[in-house]
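The chains referred to below are lettered A, B, ... by the order of the sequence lines, with proteins before strands, and numbering in each begins at 1.
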There are 2 protein chains.
Amino acid sequence: MPDILHRIGITSSPDAVYTALTTVDGLANWWTRDTEGDPRVGGVIKFRFVPGGFDMKVLEAQPAERLVWEVVDGPEEWIGTHVRFELKQEGDFTIVLFRHEGWQEPVEFMYHCSTKWATYLMSLKRLIETGKGEPAPDDVQISDWH
Amino acid sequence: MPDILHRIGITSSPDAVYTALTTVDGLANWWTRDTEGDPRVGGVIKFRFVPGGFDMKVLEAQPAERLVWEVVDGPEEWIGTHVRFELKQEGDFTIVLFRHEGWQEPVEFMYHCSTKWATYLMSLKRLIETGKGEPAPDDVQISDWH
C-alpha cells in the first residue's frame, strides 16, 4: 500500500514541535483553525476545512518522539489510514519524519494530499520558527482542489 | 517499490507548463539555475545544485501531455528511477500529476526528496503564474539537508 512521506527540519526543540502537534491550540495554528477535541491518547480530534474534514483518533503520543493518529472519519480514501510523526534532534534542528500510511491505491486525491501535506508541514515549520503558520482557511492554494 | 506523488494546478495553458518542463531556460527558472544539456527525447539534461546533481535522460516528451525522465547519474538512490509529469487541463488550470517512481526503499532521503519536490513544483507554479520561480540556489530551505 502506498504511503505519503515527508521530512522537514525545524530549528527548535523536539518539545516545542511536539507541543504544536499535540495541543488544540498548536494544531489550529498550522493545520486548520477549526480544530477541536481531545488530543490525548484515545481521544478524537476534529479538524474541519471549508470542504469537509477529518476526525483523528490519537493512537500513540510519546512526548518529543512520536505521534500516531488513525483517521476515524473523513473522505473514504482516508478512513483507516494512519498519520505518523516521528521526531528526532539533529544539531540545531528537530527533524520531523512524516508518514501518511495505508492508502489503498495511488488515486489522484493521494497525489493532491501529498503536496498539500508538504505545504502544511512548511506551515508547522513557519509557526514554530516565526510564530505564524498558514493554517486553513488561510493556507497556500496549490490547485483547483485548493 | 514506493513512489513520490504530487499534484498541483497552474492557471495557465498546458503548452506553457510543457515549455517550462522541456526547455533549459524554463527548467533553470524553477528547479536549478545550473541546468544545461539537450532537452529533446534521447538527450541528457544536467541539473546541478550546491551539493551535487542529477543527469536525466529524456525518455518521453509528448507536447502538452507527458514528460518522462530516467535518472542516469546522481545519488545512488535516484539512479534508474523515473520522473514523470502528466499534464491535463481542468477549467482554468493545467493539472500536473508528478510521480518520481522506482525508489528501492522508503529511506529517509526519499522523505526529504518528497517534500523538496513539492516546494520545487510550487516554484514551477509560481514561475508560470507570476514570472518568478524559486530555483536553486535560491530555493526554499526545508531542513538541515536544505
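- A:Leu97 is not listed as a side-chain neighbour of A:Phe85, based on a closest heavy-atom distance of 4.5 Å or more.
- Residues A:Val44 and A:Val71 do not share a hydrophobic cluster, clusters being chains of Ile/Leu/Val/Met/Phe/Trp/Tyr side chains in contact below 4.5 Å.
- B:Trp69 approaches B:Leu21 most closely through the heavy-atom pair CZ2-O, 3.9 Å.
- Within residues 49-59 of chain A, no residue has any heavy atom less than 4.5 Å from a heavy atom of chain B.
- In this structure, chain A has no heavy atom under 4.5 Å from any part of B:Ile4.
- Heavy-atom pairs under 4.5 Å with chain A were tallied for B:His112, B:Glu108, B:Arg99; the largest tally goes to B:Glu108.
- Residue A:Phe109 does not touch chain B at all, counting heavy-atom pairs closer than 4.5 Å.
- Residues forming a side chain to side chain donor-acceptor pair (under 3.5 Å) with A:Trp78 (at least two apart in sequence, or on another chain): none.
- Residues of residues 123-146 of chain A lying under 4.5 angstrom from chain B, judged on non-hydrogen atoms, are A:Lys125, A:Val140, A:Gln141, A:Ile142, A:Ser143, A:Asp144, A:Trp145 by number.
- Salt-bridge formation is not detected for the pair B:Glu86/B:Lys88: no Lys NZ or Arg NE/NH1/NH2 atom is positioned less than 4.0 Å from an Asp or Glu carboxylate oxygen.
- With a 6.0 Å radius and a threshold of 12 heavy atoms from other residues, nucleotides or ligands, A:Glu36 has its CD atom at or below the threshold.
- Of the listed residues (A:Pro106, A:Ala118, A:Cys113), the one with the most heavy-atom contacts under 4.5 Å to chain B is A:Pro106.
- Of all non-hydrogen atoms in B:His100 and B:Trp117, the two that sit nearest each other are ND1-NE1, 3.1 Å.
- Judged as a salt bridge (Lys or Arg N to Asp or Glu O under 4.0 Å), and not counting sequence neighbours, A:Asp92 has no contacts.
- Look at A:Glu90 and A:Arg7 and you find a salt bridge, because one of the NZ, NE, NH1 or NH2 atoms lies within 4.0 Å of a carboxylate O, short of that distance.
- Considering all non-hydrogen atoms of both residues, B:Ser12 and B:Thr94 come closest at O-OG1, 2.6 Å.
- Considering every non-hydrogen atom in both A:Thr35 and A:Phe47, the closest pair reads OG1-CD2, 3.5 Å.
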